[in-house]
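The structure under discussion appears below in the form of structure tokens.
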Number of protein chains: 2
Amino acid sequence: MGLSFEREDDLTARASIRNAALALFAQRGSDRVTVRDIAADAGVSPALILHHFGSKDGLRAAVDEHAAQAFDAVFASLEGTDLVDALSGANPGSIAEAFARGFPPGSPLPAYLRRLFLTNDPAGSALFGRWYAATADMLAAMDRLGATTPSHDPVVRAAFFLVNDLALVLLRNQVATVIGADPLTPAGLTRWGAEVTSVYAEGAFRAPPKEG
Amino acid sequence: MGLSFEREDDLTARASIRNAALALFAQRGSDRVTVRDIAADAGVSPALILHHFGSKDGLRAAVDEHAAQAFDAVFASLEGTDLVDALSGANPGSIAEAFARGFPPGSPLPAYLRRLFLTNDPAGSALFGRWYAATADMLAAMDRLGATTPSHDPVVRAAFFLVNDLALVLLRNQVATVIGADPLTPAGLTRWGAEVTSVYAEGAFRAPPKEG
DNA sequence: CAGTATACTAAACGCTTGTTCAGTGCGCGG
DNA sequence: CCGCGCACTGAACAAGCGTTTAGTATACTG
């Protein structure tokens with residue numbers, strides 16, 4: 001069928017349970033997913049899930065860890081990009097861009113990330129902290145290269161950029177509805193990125209006219 | 001119709017059930033809250049909740065509607081602000097600003113909004129649609145006044161501004177951690193708004209230097 | 001005053017849930 | 001062959017859930 005390198009047939013039962021759980025958790029949240037739901041999707045008996053993962057919460061932890069690894073891989077692709085390359089392009093170091101690049105269109109991982117932030121999961125906070133540090137580093141490097149206008153408050157500026165980027169992942173569905181295109185697909189991302197880059201480069205508001 | 005002058009003592013049982021549910025739903029999500037939990041917090045019997053709201057889902061709908069009204073009231077305070085006044089100020093029409101102004105520090109409503117958006121609740125989608133329309137209208141009005149630089153893609157620009165603003169509400173806790181101040185308090189908001197306004201007015205990225 | 005509607009409760013019901021139990025089939029070392 | 005371990009299952013269990021039922025107290029109506 002497609003681009004997925006994983007073939008369901010060859011997966012161990014343990015892996016197919018994990019994958020089914022990941023997809024269902026991302027879509028509905030783990031509270032709205034029963035062990036029996038996961039078992040049905042994975043094609044196994046409910047008891048086997050407990051056999052492999054001990055409990056539903058053990059399965060959740062395993063899925064969390066698995067997802068965190070995938071996110072770290074995407075995150076690493078950001079740190080790897082050459083700054084000069086990034087500067088020649090549009091919005092440098094975009095997380096949304098990395099997501100669109102790293103995850104196939106139907107991947108449950110963006111939605112899973114959203115759940116991670118929603119539940120104030122410590123894993124989500126740790127992820128945010130790492131991403132914030134990377135964003136701040138990148139902005140500082142750009143500062144040194146003279147690629148940015150100076151900021152009075154670099155701490156807030158880094159948070160502002162990061163948060164704007166994450167918002168596109170978190171509000172993906174709502175954005176898709178109003179602009180008519182999924183912003184995490186290449187096409188949608190191009191359109192989104194063009195406008196964002198324009199605002200980041202030139203601003204959007206003019207100074208108010210002097211009173212007269 | 002204010003919310004601030006409500007006192008727990010003279011609330012009807014119906015209202016106190018609604019309030020208890022709102023707080024618990026915002027904190028844990030409705031799936032992790034039982035009818036018995038709400039009843040205990042509201043000081044009534046579980047059966048009374050069903051008597052007044054028909055079902056747990058009926059209660060959820062009532063809480064949704066109640067919260068949506070509060071949100072729309074806050075949002076209406078944005079539309080009411082004179083455009084010229086807004087232009088002379090900092091970031092015009094900031095939702096985060098309206099939140100800090102309209103909701104007391106301990107209010108569960110920002111957290112409730114987050115759940116509405118991040119769980120794909122239809123009520124959240126409806127809210128987003130209304131807010132998007134208002135944002136687009138405001139930007140169009142500013143365009144007509146010459147207060148903005150022209151955009152090639154006003155649809156995306158409006159979404160960008162709205163989403164950036166909502167991000168501050170959605171990621172409030174994480175932002176508070178990295179910048180060391182709750183961005184939905186007056187102090188934090190001032191600091192945040194200053195940087196945002198600076199980027200929106202002047203941009204942040206310089207054109208890359210020509211190679212040579 | 002009786003009659004009725006309303007706010008409210010204690011107790012129970014039926015269902016779904018996560019989990020356990022007692023296996024079954026099977027590959028493998030001896 | 002036996003015996004052990006492992007992946008796996010169907011059936012059942014106990015707990016917790018939303019909800020129902022059958023009722024009490026209180027206030028209003030005529």
Side-chain angles (χ1 to χ4, degrees), chain A residues 6-67 108 112 115-116 118-119 121 123, chain B residues 6-67 112 115-116 119-123:
Chain A
E6 288 176 344
R7 293 214 325 253
E8 281 296 326
D9 297 346
D10 302 2
L11 286 180
T12 66
R14 202 188 138 90
S16 67
I17 289 170
R18 201 192 354 80
N19 286 358
L22 173 65
L24 288 174
F25 287 173
Q27 189 191 7
R28 285 188 245 160
S30 66
D31 290 327
R32 297 194 107 93
V33 175
T34 70
V35 173
R36 288 165 176 83
D37 289 338
I38 302 166
D41 271 29
V44 299
S45 75
L48 188 63
I49 294 180
L50 286 308
H51 172 69
H52 277 305
F53 296 94
S55 67
K56 185 188 183 182
D57 213 63
L59 171 59
R60 236 209 37 188
V63 172
D64 268 3
E65 192 181 356
H66 183 69
Y112 198 84
R115 301 274 170 192
L116 224 50
L118 211 208
T119 52
D121 195 309
Chain B
E6 289 176 348
R7 290 217 336 248
E8 281 295 326
D9 296 347
D10 35 8
L11 285 181
T12 65
R14 201 187 140 92
S16 67
I17 289 170
R18 205 195 346 84
N19 286 358
L22 173 65
L24 288 174
F25 287 172
Q27 190 191 5
R28 283 188 246 159
S30 66
D31 290 325
R32 288 213 190 277
V33 175
T34 70
V35 172
R36 287 167 176 84
D37 289 338
I38 302 166
D41 270 28
V44 300
S45 75
L48 188 63
I49 294 180
L50 287 307
H51 172 70
H52 278 305
F53 296 94
S55 68
K56 185 189 183 182
D57 212 64
L59 170 60
R60 237 209 35 189
V63 171
D64 269 5
E65 192 182 357
H66 183 68
Y112 195 85
R115 291 220 124 81
L116 275 188
T119 55
N120 289 330
D121 194 308

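This structure is a prediction, so every number in the text was calculated from the model and none was measured. Here is how names work: the chains are called A, B, and so on, in the same order as the sequence lines, proteins then strands, and each is numbered from 1.
One interatomic measurement links the two molecules: CZ of A:Phe53 to C1' of C:dT20, which rounds to 19 Å at whole-angstrom precision. Put simply, CD1 on B:Ile17 is 11 Å from P on C:dA7, counting in whole angstrom units. Taking atom CD1 of A:Ile49 as the reference point, atom P of C:dT19 lies 11 Å away to the nearest angstrom. In this entry the distance linking CG of A:Leu59 with P of C:dG18 reads 11 Å, nearest Å. Atom NE2 in B:His51 sits about 14 Å away from atom C1' in D:dG23, given to the nearest Å.
One finds a salt bridge joining B:Asp31 and A:Arg32 here, because a Lys/Arg side-chain nitrogen approaches an Asp/Glu carboxylate oxygen to under 4.0 Å. Look at B:Asp37 and B:Arg28 and you find a salt bridge, because one of the NZ, NE, NH1 or NH2 atoms lies within 4.0 Å of a carboxylate O, short of that distance.
Residue whose closest nucleotide on DNA chain D sits further toward the 5' end, between A:Arg14 and B:Leu50: A:Arg14.
B:Thr12 places none of its side-chain heavy atoms less than 4.5 Å from the side chain of B:Ile17.
Which of D:dT19, D:dC8, C:dG18 sits closest to the side chain of A:Leu48 comes down to D:dC8.
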Side chain to side chain contact (heavy atoms under 4.5 Å, CB included) assessment of B:Leu59 paired with B:Ile38: CA-CA 10 Å; B:Leu59 170 60; B:Ile38 302 166; 3.7 Å; yes
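Listed by residue number, the members of residues 23-46 of chain A with any heavy atom below 4.0 angstrom from DNA chain D are A:Arg36, A:Val44, A:Ser45.
Counting only distance, with no hydrogens or angles, the side chain of B:Arg115 and the backbone of B:Ala26 share a donor-acceptor pair below 3.5 Å.
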Check residues 50-57 of chain A and write down every donor-acceptor pair under 3.5 Å in which the side-chain atom is one partner and the other belongs to a residue at least two apart or another chain.
unit_1  : atom_1 : unit_2  : atom_2 : d
A:Ser55 : OG     : A:Asp57 : N      : 3.4
A:Ser55 : OG     : A:Gly58 : N      : 3.0
A:Lys56 : NZ     : A:Ser30 : O      : 3.0
A:Lys56 : NZ     : A:Val33 : O      : 2.7

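OP1 and OP2 of C:dT6 both lie 4.0 Å or more from every side-chain N or O belonging to B:His52.
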